[in-house]
Each structure stands twice: as C-alpha cells, then as structure tokens.
Amino acid sequence: METLSTPLVSLPSQTNPESRTVKNDGRNRLVFSLIDQCTNRRQLKQIHAHMLRTGLFFDAYSASKLFTACALSSFSSLEYARKVFDEIPEPNLYTWNTLIRAYSWSPKPIESVEIFLRMLCESPYFPNKFTFPFLIKAAAELSRSRVGQVFHGMVVKLSLGDDVFVLNSLIHFYASCGDLDFAYQVFVRIGEKDVVSWNSMISGFVQGGCFDKALELFRGMEAENVKPNVVTMVGVLSACAKMKDLEFGRWVRSYIEQNGIKMDLTLSNAMLDMYVKCGSVEDAKILFDRMEEKDIVSWTTMIDGYAKLGEYDVAKSFLDVMPTQEIATWNALISAYDQNGKPQEALAIFHELQLSENVNLDELTFVSTLSSCAQLGAMDVGEWIHENIKKQRMKLNCHLTTSLIDMYSKCGNLEKALEIFNSVERRDVFVWSAMIAGLAMHGRGRAAIDLFFRMQEAKVKPNAVTFTNVLCACSHTGLVEEGRMLFNQMEPVYGVVPGAKHYACMVDILGRAGLMEEAVEFIEKMPITPSASVWGALLGACKIHENVELAEQACSRLLELEPENHGALVLLSNIYAKTGKWDNVSELRKRMRVSGLQKEPGCSSIEVNGTTHKFLAGDNSHPLSKEIYSKLDEIVAKLKSSGYVTNKSHLLQLIDEENMKEQALNLHSEKLAIAFGLISTNPSQPIRIVKNLRVCGDCHSVAKLISKLYDREILLRDRYRFHHFSGGYCSCMDYW
DNA sequence: CTAGGGTTAG
C-alpha cells in the first residue's frame with residue numbers, strides 16, 4: 001500500500017498534462033488518499049507540484065481536495081493556502097466555503113467577509129447553508145454587529161432560516177456582540193433545538209452576565225429532554241465561577257458525576273476555575289492533583305488562584321515545578337500581582353523573567369508589565385520594554401499601543417505618548433480612549449475634546465470608557481459647557497447609556513466650577529440611584545467651595561453606601577479644618593478612632609535609575625534620610641526668605657502648637673520625595689513623583705516655588721491627575 | 001467531500 005512514508009517519487013505521473021479533463025479514476029483516488037495522509041508542508045507541496053504537472057490541479061473537484069488540506073491542516077499556512085486558491089481557475093462552492101472557513105478561525109476574520117464578497121462578484125454560486133456558519137462565525141469574531149445582521153438578512157432571503165446550524169451560529173454571533181435579546185429571539189424560534197442551540201444560548205447568557213437566565217435554560221433543557229453534555233457543563237460552571245456560588249458549583253460537580261458526563265480537560269479546567277473564583281483553592285488543589293492530563297490553562301489557573309489570595313510563594317512554587325515553563329504562566333503571575341495592587345512585585349517577577357534564558361517574553365508579558373509601570377510611574381522599565389518591542393520588531397497591536405500610551409501618560413511623558421499615538425496605523429476605541437485619558441490627566445482638556453472629535457472622523461465609535469475619559473478632561477480643565485453638551489449627547493447621538501461614572505464626572509464638572517445648585521439638581525434628577533462616587537464628587541466640590549452644610553449631607557449619603565469609606569470622613573474633616581471648625585475636626589477624629597477607621601497613609605514614590613523609592617509622611621527609613629532632611633531644611637529656609645507662609649488649614653489633625661503644625665506639613669511624603677529627587681537626580685532631568693492620594697494644597701504651593709527657586713521641572717502625579725511644575729507655575733493652573 | 005457551542009491570561 002502506498003503511504004507517505006514511501007517517497008513521493010512513486011506518485012503516478014502518466015496523466016497527459018495536455019488534457020484538462022481528468023477523470024476520477026483510480027489514480028486520482030490515490031492522490032486524494034495521499035493528500036489525506038500528509039503530515040507536513042513539504043509533502044503537501046510535492047503533491048501540489050505533481051497535480052500541476054499532471055493537470056489534475058485544473059479539475060475543480062481535485063483542486064478543492066488539495067486546497068482543503070492547504071487551508072485547514074495544522075501544518076499548512078493560510079498564506080500558502082491563499083496562493084493555491086488564487087491559482088485555481090474556477091474554484092467550486094466547496095472551495096470558496098473552505099477559504100471562508102479558514103479565515104474565520106484565523107487572526108484576520110475580516111478576510112472571510114472579503115472573500116465572501118469576492119465570491120458573490122466573481123463566482124456563479126450563491127452562498128449555501130455551509131457558507132453561513134463560517135461567515136457568521138467570522139462576524140462574531142469581529143464583533144461587528146452590522147455585518148452579522150446583514151448576513152442574517154441574507155439567510156432569511158435565501159430561505160436558509162430554518163437550518164439549525166445556521167441559526168445556532170447566529171445565536172453565538174448575537175451573544176458575542178452583546179445583543180442577548182436578539183440571540184434569545186433566534187433561540188426561541190428554532191423549531192428543533194439541538195444541544196448546541198441550548199449550549200450557545202447558555203454560554204451567551206453567561207458571557208453577558210445573565211447567570212440566572214443561563215441556569216434557567218439549563219433546567220429548561222431537562223424539561224425538554226435534551227441531555228446536557230460537556231460543553232453545557234462548562235457553561236454552567238463558568239456561571240458558578242462568576243457568581244462565586246461555591247455551593248452550587250459543588251452541586252454541579254455531583255450532577256456531572258451522576259449523569260455520567262465525562263470530565264475532559266476543558267471541563268476539569270472550568271471546574272478548577274470555578275473553585276478558584278469561589279475562593280476554594282483547597283478544592284481546586286485536590287482536583288488538580290487528581291487530573292491525569294493538565295495543560296497550560298490548568299497550571300495558570302492554579303497559579304492565578306494562589307496569587308490572588310496573596311499566597312505568592314505557593315504560586316511561585318507551582319511555577320517552579322511546572323513541566324514546561326511557558327510564558328503564559330509567568331504572565332499570569334505578573335498580571336495577578338498587577339491587578340492586586342502589587343505592581344512592585346509584578347516588576348520583580350518581570351526582572352526574574354528577564355534573567356531566565358529559556359522563556360521568551362511575549363506581548364502579554366509586556367502588556368501586564370507596562371500596566372505595573374504605569375501604576376508605579378516606573379518609566380525606566382517602561383522604556384526598556386518599549387525598546388525591546390522595537391528590537392524584537394514586535395508588531396504594535398492595539399493592545400500594546402494602548403499599554404504604551406497609558407504607561408507614558410501615567411509616567412508623565414505625554415509627548416512620547418502622543419508620538420506613539422500619531423505613529424501607529426491601527427487605532428481602535430481603546431487606543432483613542434487611552435490617548436484622551438492621557439491628555440485629560442495632563443490638563444489638556446481642549447486637546448482631549450479635539451481628539452474625541454477626530455475619533456468620530458476616523459469612524460471609531462466611542463464607548464463608555466471614552467466618555468468617562470473625555471468628561472474627565474472637561475472636569476480637570478473646567479470646561480463646563482463642553483461637558484454638559486457631551487453628556488447630553490451620549491445616549492441620543494452615540495447610543496452610550498450614561499453609567500454611574502459619567503454621572504459622577506458631571507457632578508464633578510458642575511461642582512468644581514462652583515455650580516453647586518445645578519449639581520444638586522442634577523443628582524436629584526438622575527434616573528439611577530446616585531452611587532458613592534457621585535456623592536464623593538459633590539463632597540470634593542464642597543471642599544473647594546467651602547460649603548460645610550452640603551458637605552455634611554453628601555458625606556452622610558456616601559457613608560450610607562460605603563460605611564467603610566474613610567476617605568469621605570477625611571475629606572469632611574478637611575473641610576472643617578479649612579473653614580476653621582476645629583471642634584468638628586476633633587469630633588470627627590474621635591469618631592474615626594472609635595470605629596477603627598484610619599486615614600490611608602499618604603505615600604509618594606520616585607524612580608531613580610530604575611529603582612522605586614517610597615516615602616511615607618515623616619519617614620526616616622530611607623538610607624539617605626539624613627541628607628534628605630537637611631535638604632528639606634534648606635528648602636524651608638529658602639522658601640521662607642522668599643516670603644512664603646505655610647497655609648496650615650491643609651492639616652487634617654488638630655495640632656495645638658503652631659510650629660508643630662508647620663512641621664507636620666513639612667514632613668508630607670511628597671516633600672520628602674522632592675527633596676530626595678533634588679539630591680539624587682541629574683539637574684537636567686525632571687523629578688517624577690507619584691502620590692497615592694491627592695496632593696495637598698500646601699505641597700502644591702511649595703512644589704511651584706521649588707520649581708522656580710531650584711529651576712527644576714517637577715512632575716507630580718496624584719490620585720487624579722498630573723501636575724507639571726515649572727518656573728513657579730503648575731499646568732493645572734491651580735484648578736484641581 | 002464541508003457546519004454550529006466550551007476553560008486561563010488581556
């Protein structure tokens with residue numbers, strides 16, 4: 001028997017190349033069987049060559065056979081397949097469908113649509129019931145609502161609207177575009193639902209966050225006698241995970257056992273994830289140890305579980321004993337640290353990774369690490385990554401572009417962020433939104449709004465995040481009129497329903513501008529319950545405009561929603577201090593002490609030569625502490641001789657002695673960081689500081705003066721925005 | 001000769 005272990009030289013080659021009509025005789029069948037047995041690209045190419053020689057390639061049916069192997073086999077490439085396709089003189093419908101199918105899986109599903117259009121123009125065929133599932137799958141991958149809707153229309157017109165395969169793919173499509181209502185309408189109208197119909201709808205509901213509906217359907221299956229399978233259970237477990245319902249998860253496990261559903265790798269992984277998300281790493285570990293087959297997902301899930309619990313050592317020990325060290329697992333650890341507010345630890349892992357030789361950093365490594373750099377303001381590491389991306393000639397996709405823009409913006413280098421933004425070819429909604437956010441946090445409100453409109457010209461639809469960012473820009477720059485207009489257009493013009501964040505932004509815009517009555521009225525008219533952030537914004541405005549009465553109301557509303565929110569009390573106490581109500585301040589302090597609420601300690605960090613130094617107020621743990629304090633004394637003396645008077649209302653605590661007050665202010669973490677920056681960085685370099693809370697008024701005035709007296713640029717990022725101090729001025733124009 | 005649904009990280 002001929003197999004491919006036999007050299008391909010023995011291929012039959014007697015067919016006359018002149019004759020283009022090739023019969024399906026035995027010899028052809030041999031070629032087809034060889035195609036099926038191909039295990040690598042070389043063999044495939046040899047068969048291709050042979051078929052060209054013999055003319056078999058010019059027979060549409062035979063060409064389709066070869067083409068299928070080119071397009072769908074794991075060892076071939078789509079690029080090659082495409083070349084083969086373009087050589088086929090008259091591809092048949094099967095061949096067209098296969099190419100559409102191949103692209104629908106590929107990283108470029110849009111090509112499916114392009115091929116489909118070509119087919120309509122160039123071929124004599126109409127799409128059939130096989131074409132649409134592939135095509136609709138591509139539309140789902142693209143999340144392009146309009147495109148899929150057009151296909152749905154064609155399905156109906158071509159009378160394919162009762163094919164269960166086509167309809168199932170439409171359920172999946174609508175669900176992945178977030179149109180759960182449409183998906184459900186398709187679902188209920190299917191006459192003979194099969195298990196895939198149910199599964200598609202269940203996963204659709206799970207992914208759309210409608211867990212109750214998903215579980216309702218799961219029970220509905222039983223009622224209609226459709227037996228759930230592995231995929232059903234994956235969906236149901238995923239719902240448990242997202243609801244964090246461990247009890248139900250355990251019930252599902254026994255259901256799986258009782259119904260004899262075979263636990264395959266994916267189902268086991270889904271169950272691991274359920275246990276981890278529901279907080280039982282113990283159960284996960286037992287299952288993990290019993291699993292015969294484990295893949296990268298299993299390991300990653302475990303590592304992620306331990307890392308999120310803060311058991312980083314255990315997480316790392318998993319990483320060390322993994323059979324193959326894959327970058328995905330390292331990425332999981334980095335991103336777990338990053339998202340759990342431990343960016344420094346994330347960077348430590350990244351450094352370890354840089355040293356290990358057998359793992360190659362990938363795009364996700366960079367995305368997660370850049371996010372940590374952004375959090376910390378660690379621009380040196382961020383720049384290293386940027387350099388490396390260039391060196392590796394890694395293509396800047398939208399994910400990476402967004403991360404880089406975010407990192408540079410948050411590290412204070414807005415120009416670099418803009419440079420990247422202007423240089424990339426592709427900009428999706430996230431890229432635009434990140435750039436708008438960057439401009440906003442640097443106080444370039446006008447530019448942010450301009451960019452928002454340029455985004456419309458580029459035909460990119462803004463989403464909820466875009467609006468949060470652009471409204472934020474308005475609030476930082478005091479653009480009340482623009483903010484009002486944008487907010488009012490959100491739903492009618494852009495179809496984005498304003499959420500809690502947008503309302504909070506609007507209250508912030510109005511409140512900061514001193515339009516307190518309008519802000520209150522705005523809150524009263526809100527169609528959704530005002531969230532804590534809405535009251536927080538009002539409270540913040542009360543601080544600026546010294547409105548004690550309203551502040552008290554806002555604060556109590558805020559505490560109703562978030563009793564643990566110490567920030568609210570701190571803010572209120574600041575307002576009391578600012579208006580000289582020291583009795584109220586001390587009463588509040590007592591209340592905070594009694595309830596065990598503590599002010600989040602202010603902390604400033606500064607990166608010098610790739611190392612981040614952290615300072616708390618009054619901190620003397622730094623090795624250069626002595627030098628820092630003497631620098632601070634020098635600064636204070638210089639400030640005083642230039643006529644500066646401390647504004648003591650910025651103090652939270654009631655401190656009796658006047659000079660104590662002054663001292664406490666002088667020990668604020670940002671001042672320590674600036675002093676350290678002055679002694680440890682090159683005078684030509686700006687001093688870059690990141691503060692976890694908002695900068696206090698006194699520190700703000702002092703920073704302005706230092707920038708002038710020492711002729712140094714200071715970039716201070718606080719919780720909300722950037723302050724560029726230079727020549728005695730701040731970029732926020734004291735509006736913050 | 002072809003098809004649709006599933007787990008992790010972002």
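Nearest nucleotide to the side chain of A/H399, out of B/dA3, B/dT8, B/dG10: B/dG10. Proximity note for A/V367 (side chain, C-beta onward) versus B/dT8, B/dG10, B/dG6: the nearest is B/dG10. Side-chain proximity of A/F134 to the nucleotides B/dT8, B/dA3, B/dG10 is greatest for B/dA3. Of the candidates B/dG6, B/dG10, B/dA3, B/dA3 carries the atom nearest the A/F130 side chain, counting heavy atoms from C-beta on. Looking at the side chain of A/Y94, the nearest of the listed nucleotides B/dA3, B/dT7, B/dC1 is B/dC1. Nearest to the side-chain atoms of A/D163 among the listed nucleotides B/dA3, B/dG6, B/dT8 stands B/dA3. In this structure, the nucleotide among B/dT8, B/dG6, B/dC1 sitting nearest to the side chain of A/N92 is B/dC1. With distances taken from any side-chain atom of A/P133 to the nucleotides B/dA3, B/dG10, B/dA9, the minimum falls on B/dA3.
Comment: A/R253 engages A/E257 in a salt bridge, judged by a side-chain N to carboxylate O separation of less than 4.0 angstrom.
Straight-line distance from the CG atom of A/N269 to the P atom of B/dA9: 12 Å, rounded to whole Å. For the pair A/M322 CE and B/dA9 P, the computed distance is 15 Å after rounding to whole Å. If you take CG of A/N331 and P of B/dT8, they are 16 Å apart, rounded to a whole angstrom. When the C1' atom of B/dA9 is taken as reference, atom CE of A/M302 falls 16 Å away, rounded to whole Å. Atom-to-atom, CZ of A/R101 to P of B/dA3 comes out at 4 Å; the value is rounded to the nearest Å. If you take CD1 of A/I334 and C1' of B/dT8, they are 16 Å apart, rounded to a whole angstrom. Put simply, NZ on A/K308 is 11 Å from C1' on B/dG10, counting in whole angstrom units. Going from atom CD1 of A/I303 over to atom C1' of B/dG10 covers 17 Å, rounded to whole Å.
Aromatic ring pairs are classed by plane angle as parallel below 30°, tilted from 30° to 60° and perpendicular above 60°; the pair A/Y255 and A/W251 is tilted.
Taking only side-chain nitrogens and oxygens, A/S203 never comes nearer than 4.0 Å to OP1 or OP2 of B/dG6.
For A/D264 and B/dG6, a side-chain-to-base donor-acceptor distance below 3.5 Å is present, hydrogens and geometry of angles not being considered.
At a threshold of 4.0 angstrom between heavy atoms, the contacts of A/V230 include nucleobase atoms, whether or not backbone atoms are also involved. Residue-level contact check: A/K137 touches the backbone only, with heavy atoms under 4.0 Å from sugar-phosphate atoms and none from bases. A/N128 comes within 4.0 angstrom of a nucleotide base, judged by non-hydrogen atoms across all strands. Note on A/D194: a base of the nucleic acid sits closer than 4.0 angstrom, heavy atoms only.
Side chain to side chain, A/Y306 and A/S317 fail the donor-acceptor criterion of an N or O pair below 3.5 Å.
Remark: ring of A/F165 stacked against base of B/dA3; centroid gap under 5.5 Å, plane tilt under 30°.
A heavy-atom distance below 4.5 Å is not found between the side chains of A/D406 and A/L370. Proximity of A/S33 to A/Q37: side-chain heavy atoms (C-beta onward) are separated by under 4.5 Å at one or more points. For the pair A/F430 and A/T401, the minimum side-chain heavy-atom distance is 4.5 Å or more.
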